[in-house]
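Worksheet: the structure to be examined is printed underneath.
These numbers come from the heavy atoms of this one structure, side chains and all, not from hydrogens, waters or symmetry mates. Every chain is numbered from 1 and lettered A, B, ... according to where its sequence line falls, protein lines coming before strand lines.
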Number of protein chains: 2
Amino acid sequence: MGRPRTFDEGQAVAAAAELFAGRSFDGTSVDDLVTCTGVHRGSLYKTFGSKRGLYLSALRHHIDGDVTRVAGEISAAPPGQAVERALAGGAGLGFLLLAATERAAADDEVAAEVSRALDVLDQAFQKDEQATALALGLLIRSRADRPLTP
Amino acid sequence: MGRPRTFDEGQAVAAAAELFAGRSFDGTSVDDLVTCTGVHRGSLYKTFGSKRGLYLSALRHHIDGDVTRVAGEISAAPPGQAVERALAGGAGLGFLLLAATERAAADDEVAAEVSRALDVLDQAFQKDEQATALALGLLIRSRADRPLTP
DNA sequence: CTGGTTTAAGAACGTTCGTTCCTATACCGT
DNA sequence: ACGGTATAGGAACGAACGTTCTTAAACCAG
């Protein structure tokens with residue numbers, strides 16, 4: 001059935017998600033993605049169709065993985081400490097943050113995924129949507145290198 | 001004294017800030033900036049040095065204008081309603097949000113300005129840094145078209 | 001009016017972008 | 001062993017990018 005792949009699609013998507021967590025969509029080039037995933041350009045386009053296709057795959061992977069995992073930690077936290085738990089694991093939520101602030105407005109499909117991710121977090125916070133917002137805001141602060149002074 | 005300018009530098013900076021509030025740095029082209037500011041390419045480079053120079057000028061303008069204004073509204077709000085006030089005027093804080101999430105990590109000077117803006121907001125919230133975080137988080141939600149369901 | 005200086009206007013620069021194409025290679029079922 | 005098929009490996013594409021250069025125009029001081 002043809003020459004076998006030398007890359008794992010899941011690993012490639014995960015590597016792309018890691019890259020997209022640190023830079024904007026337009027700030028991340030296909031060359032960057034080729035280098036960090038190790039997937040050849042042709043194979044990348046064959047598999048994901050476009051840079052945007054890979055971005056969407058990576059975002060979905062991020063939500064189904066990192067975001068869902070953090071949501072689990074939040075749900076398991078004793079009441080009143082959920083936000084702290086979110087922050088502790090929240091270092092892995094950078095991609096969602098970037099997708100929400102930078103890409104959602106320009107891409108409806110991204111906006112839909114962001115909305116889904118926020119649903120997941122809201123559920124974990126028992127529908128306390130302010131808690132989700134607070135967690136995201138604190139995440140921004142930590143990213144901007146201005147963490148809380150406790 | 002040479003040929004007179006046909007553009008107002010302050011107006012150009014404000015127009016650039018409006019553009020940068022909606023798209024990432026790399027997602028905003030110099031052509032876009034030339035079109036929206038009405039300033040010729042050559043004059044733009046003569047005045048601001050580079051695209052990044054204009055970005056920094058616009059960010060400082062945003063902080064000294066919009067962010068400071070919102071901070072004033074927060075300070076003037078009755079206790080307990082400060083966050084609501086921040087949200088009401090917060091529609092104009094998109095540039096700060098984008099700078100913090102998308103650009104600060106890649107540009108130290110941007111990070112310094114973001115830090116300054118957070119200081120301004122923290123002061124307005126009487127050093128309640130969680131309130132600043134909550135306001136930013138709620139702003140993300142409203143941007144992602146998922147405002148609170150009150 | 002003239003010379004000097006600054007901007008307007010736009011062409012042009014080399015580079016990088018996202019994407020496509022071509023060919024060699026490695027596996028499959030028969 | 002062989003034909004079919006899917007990938008690896010790069011070269012190549014036109015378009016767009018940020019930036020610079022050149023020339024014409026508009027002002028001021030003398």
query = What does A:Phe25 touch in the nucleic acid at a heavy-atom separation under 4.0 angstrom: a base, only the sugar-phosphate, or nothing?
reply = nothing
ask   = So what does B:Thr47 hit on the nucleic acid, given a heavy-atom distance under 4.0 Å: a base, only sugar-phosphate, or nothing?
value = nothing
[X] side chain, from C-beta outward: closest of [options]:
X: A:Val30; options: C:dT19, C:dT7, D:dA6; answer: C:dT19
X: B:Tyr45; options: C:dT6, D:dT19, C:dT19; answer: D:dT19
X: A:Arg3; options: D:dA24, D:dT7, C:dG18; answer: D:dT7
X: A:Pro4; options: D:dT7, C:dC27, D:dT19; answer: C:dC27
X: B:Met1; options: D:dT7, D:dG18, D:dC28; answer: D:dC28
X: A:Arg41; options: D:dA11, D:dA26, D:dG18; answer: D:dA11

Between [Y] and [X], is the closest basic N to carboxylate O distance under 4.0 Å?
X: A:Arg116; Y: A:Asp119; answer: no
X: A:Arg23; Y: B:Asp26; answer: no
X: B:Glu113; Y: B:Arg103; answer: no

Roughly, in whole Å, what's the span from [atom1] in [X] to [atom2] in [N]?
X: A:Arg5; N: C:dA26; atom1: CZ; atom2: P; result: 18 Å
X: A:Glu9; N: D:dA6; atom1: CD; atom2: P; result: 15 Å
X: B:Asp26; N: C:dG18; atom1: CG; atom2: C1'; result: 14 Å
X: A:Phe48; N: D:dT7; atom1: CZ; atom2: P; result: 12 Å
X: B:Leu33; N: D:dT19; atom1: CG; atom2: C1'; result: 14 Å
X: B:His40; N: D:dT19; atom1: NE2; atom2: P; result: 15 Å

ask   = Is any side-chain heavy atom of B:Gln130 closer than 4.5 Å to a side-chain heavy atom of B:Phe125?
value = no
inquiry  = Can you work out whether B:Gly2 or B:Arg52 has the more 5'-proximal nearest nucleotide on DNA chain D?
reply    = B:Arg52
key: 5′-ward residue of the pair A:Lys46/B:Lys51 relative to DNA chain D   = A:Lys46
query = Toward the 5' end of DNA chain C, which comes first, A:Gly49 or A:Asp31, by nearest nucleotide?
reply = A:Asp31
message = If you compare every side-chain N and O of A:Ser29 against the phosphate oxygens of C:dT16 (OP1, OP2), does one of them come in below 4.0 Å?
response = no
note = Applied to residues 67-112 of chain B, the ring-ring contact (aromatic ring centres under 6.0 Å, His included) test, sequence neighbours excluded, yields B:Phe20-B:Phe95, B:Tyr55-B:Phe95, B:His62-B:Phe95
